Amino acid sequence: MIISHKYKFIFIKPEKTAGSSIEIALSKYCDHNDIITTIGEEYIRKKLGYLGPRNYYSKKIDYINFPKILKHNTKSFIKTFKIIKKFIDYKNEPYFKTFYNNIFYEHINAKNIKANVSNEIWDSYFKFTIIRNPIDQFLSYYFHINNTLELIKQNPINNFIDEKAVSFFRRTKKKYFINDNIIIDKFIDFSNLKSDINFIGKKLMINDDLFKDFKDISANTQYSNKSNLYIDDITRKIIQDYSGDLFQLYLTISKK
């Protein structure tokens, strides 16, 4: 999520829509007063020399769970010993909780953004996001979570749909709506990225060829080799039904 005071826009980021790549491209043009939330691909942004996360927290001392941190970090440091490493499976790196409360975060919904900015900012800033065919979006989410063939076998797509589809599409809808009212000024159509991203660049007077910045960024290539696995039409229809009116919204946007 990005709020740019410099260019007066709010970028709201749904899951599995190339949002991280767009965020990285946009952060190239942000300044130090803008709000930029953290993403999992900070190494890409850092490598490119673009502005990183800032101003997404309040300077308020938060409760610190020292026992939890000690337990987590002890396990992490033990992992560095090669002999012990063979007998444990602990993937997280050590972390140190800051003395701040996060107000804004990567996949924050529209209602929570509105609650934490002034009416002037909410009403006057240009709000945009990305919309993707909900079927493909959910399948991308599935392959993101089940990112090996072994995990795919352990967690069949139909089970995953039953467990995750309702909450996934509820979260997605909250990026676009508040109280059933669409609050987005412009949807970037995932199937028309070049034209729509360049529209944003021109609209905000950032760069007439903003897509050029975007196309060289590959924030999630590690999942691409799974996305070509066959999904039958019946399963795709089940996902479509779970997506509800999001699918109709996508059809409406994609026809424009």
Side-chain angles (χ1 to χ4, degrees), residues 1-4 7-30 37 39 41 44 106-111 113 125-144 165 168-178 180-221 223-224 226-228 231 233 236-237 239-256:
M1 194 278 307
I2 294 178
I3 300 176
S4 173
Y7 291 102
K8 298 188 183 306
F9 73 74
I10 300 174
F11 172 65
I12 302 173
K13 178 184 175 182
E15 299 169 72
K16 313 318 299 173
T17 57
S20 292
S21 296
I22 292 178
E23 273 189 308
I24 293 170
L26 289 169
S27 64
K28 177 181 180 180
Y29 301 95
C30 291
T37 59
I39 57 175
E41 299 79 11
I44 298 177
E106 183 176 8
H107 293 295
I108 186 172
N109 64 45
K111 183 178 180 179
I113 296 173
Y125 281 26
F126 186 77
K127 295 178 280 293
F128 64 99
T129 186
I130 316 158
I131 192 166
R132 183 178 185 181
N133 183 323
I135 301 169
D136 296 334
Q137 183 186 8
F138 186 79
L139 288 173
S140 180
Y141 176 60
Y142 170 70
F143 291 120
H144 173 83
F168 178 82
F169 289 121
R170 184 187 299 123
R171 292 196 305 271
T172 301
K173 187 172 181 178
K174 287 181 178 180
K175 306 298 191 300
Y176 307 150
F177 293 84
I178 296 179
D180 292 325
N181 296 313
I182 294 177
I183 53 81
I184 299 298
D185 297 311
K186 170 65 179 178
F187 285 94
I188 296 173
D189 180 359
F190 188 88
S191 64
N192 192 30
L193 287 174
K194 182 175 182 179
S195 176
D196 285 353
I197 290 174
N198 280 340
F199 173 89
I200 295 296
K202 293 174 184 177
K203 170 73 177 179
L204 300 173
M205 294 185 286
I206 293 176
N207 180 355
D208 287 355
D209 192 8
L210 184 60
F211 183 77
K212 185 176 185 300
D213 294 316
F214 166 83
K215 70 179 182 179
D216 295 329
I217 300 166
S218 298
N220 286 288
T221 55
Y223 309 114
S224 60
K226 312 296 185 310
S227 60
N228 60 356
I231 303 294
D233 290 340
R236 296 181 70 88
K237 182 61 168 60
I239 298 171
Q240 177 184 323
D241 291 342
Y242 268 106
S243 71
D245 52 4
L246 282 175
F247 189 79
Q248 187 58 50
L249 175 63
Y250 168 74
L251 292 180
T252 302
I253 298 298
S254 63
K255 288 178 181 177
K256 291 184 178 179

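If you're wondering where the values come from, they're calculated on a predicted model, not measured in any experiment.
We find the CD1-CG distance between Ile22 and Asp213 to be 12.0 Å, quoted to the nearest 0.5 Å. If you take CD1 on Ile253 and CD1 on Ile130, they are separated by 13.5 Å, rounding to the nearest 0.5 Å. Considering CG of Leu249 and OG of Ser243, their distance stands at 10.0 Å, rounded to 0.5 Å. In this structure, OG1 in Thr172 is found 4.5 Å from CD in Gln137, a value given to the nearest 0.5 Å. Atom CG of Leu210 is separated from atom NZ of Lys28 by 9.0 Å, given to the nearest 0.5 angstrom. To the nearest 0.5 angstrom, Tyr29 atom OH is 4.0 Å from Asn207 atom CG.
For NZ of Lys186, the number of neighbouring non-hydrogen atoms (other residues, nucleotides, ligands) closer than 6.0 Å is greater than 12.
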Using the rule given for side chain to side chain contact (heavy atoms under 4.5 Å, CB included), can you reason through Glu15 versus Arg171, listing the C-alpha separation, both sets of side-chain angles and the distance that settles it, and then say yes or no?
CA-CA 9 Å; Glu15 299 169 72; Arg171 292 196 305 271; 2.7 Å; yes

Kindly determine whether Lys13 and Ser20 satisfy side chain to side chain contact (heavy atoms under 4.5 Å, CB included), including the steps that lead there.
CA-CA 8 Å; Lys13 178 184 175 182; Ser20 292; 2.7 Å; yes

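Considering only heavy atoms from C-beta on, Phe169 comes within 4.5 Å of Ile239 through its side chain. In this structure, the side chains of Ile131 and Thr17 stay at 4.5 Å or more apart for every pair of heavy atoms. Put simply, the side chain of Lys173 reaches to within 4.5 Å of the side chain of Asp180, judged on heavy atoms. Put simply, the side chain of Pro14 does not reach to within 4.5 Å of the side chain of Arg132, judged on heavy atoms. Looking only at side-chain heavy atoms (C-beta outward), Phe9 and Ile200 stay at 4.5 Å or farther from each other. Side chains of Ile44 and Ile39 form no contact here, defined as non-hydrogen atoms less than 4.5 Å apart. With contacts defined as side-chain heavy-atom distances shorter than 4.5 Å, the pair Glu23/Ile2 qualifies.
The residues Arg236 and Asp136 are annotated as salt-bridged, a charged nitrogen and a carboxylate oxygen being separated by less than 4.0 angstrom. Here Asp233 does not pair with Lys237 in a salt bridge; the nearest charged N to carboxylate O distance is not below 4.0 Å.
Each of Phe247, Tyr242, Tyr250 was checked for a side-chain contact (heavy atoms from CB on, under 4.5 Å) with Ile135, and the lone residue meeting it is Phe247.
The aromatic rings of Phe187 and Tyr176 stand perpendicular to each other, their planes meeting at an angle above 60°, with 30° marking the opposite boundary.
Checked by atom type and distance alone, the side chain of Gln240 never pairs as donor or acceptor with a backbone atom of Pro134 at under 3.5 Å. Looking at Ser4, its side chain does come within 3.5 Å of a backbone N or O of Tyr7 through a donor-acceptor pair. Glu106 contributes no side-chain N or O that, together with a main-chain N or O of Thr37, makes up a donor-acceptor pair within less than 3.5 Å. Side-chain N or O atoms of Thr129 include one that pairs as donor or acceptor with a backbone N or O of Ile12 at under 3.5 Å. Listed for the Asp185 side chain is a donor-acceptor partner under 3.5 Å among the backbone atoms of Lys127. Here the side chain of Ser27 pairs a donor or acceptor atom with the backbone of Ile24 at under 3.5 angstrom. Judged purely by atom type and a 3.5 angstrom limit, Lys174 has no side-chain atom pairing as donor or acceptor with the backbone of Arg170. With Asn198 contributing its side chain and Phe211 its backbone, the two residues share a donor-acceptor pair below 3.5 Å. Under a 3.5 Å cut-off, the side chain of Asp196 and the backbone N or O of Asp189 do form a donor-acceptor pair.
Nearest heavy-atom pair, Gly19 versus Phe11, reported as atom, atom and distance to 0.1 Å: O-CE2, 3.9 Å. Scanning all heavy atoms of the two residues, the minimum distance from Ile183 to Ala110 falls at CD1-CB, 3.6 Å. Scanning both residues, Ile3 and Met1, for their nearest heavy atoms gives CG1-SD, 3.5 Å.
The aromatic ring centres of Tyr141 and Phe168 sit less than 6.0 Å apart.
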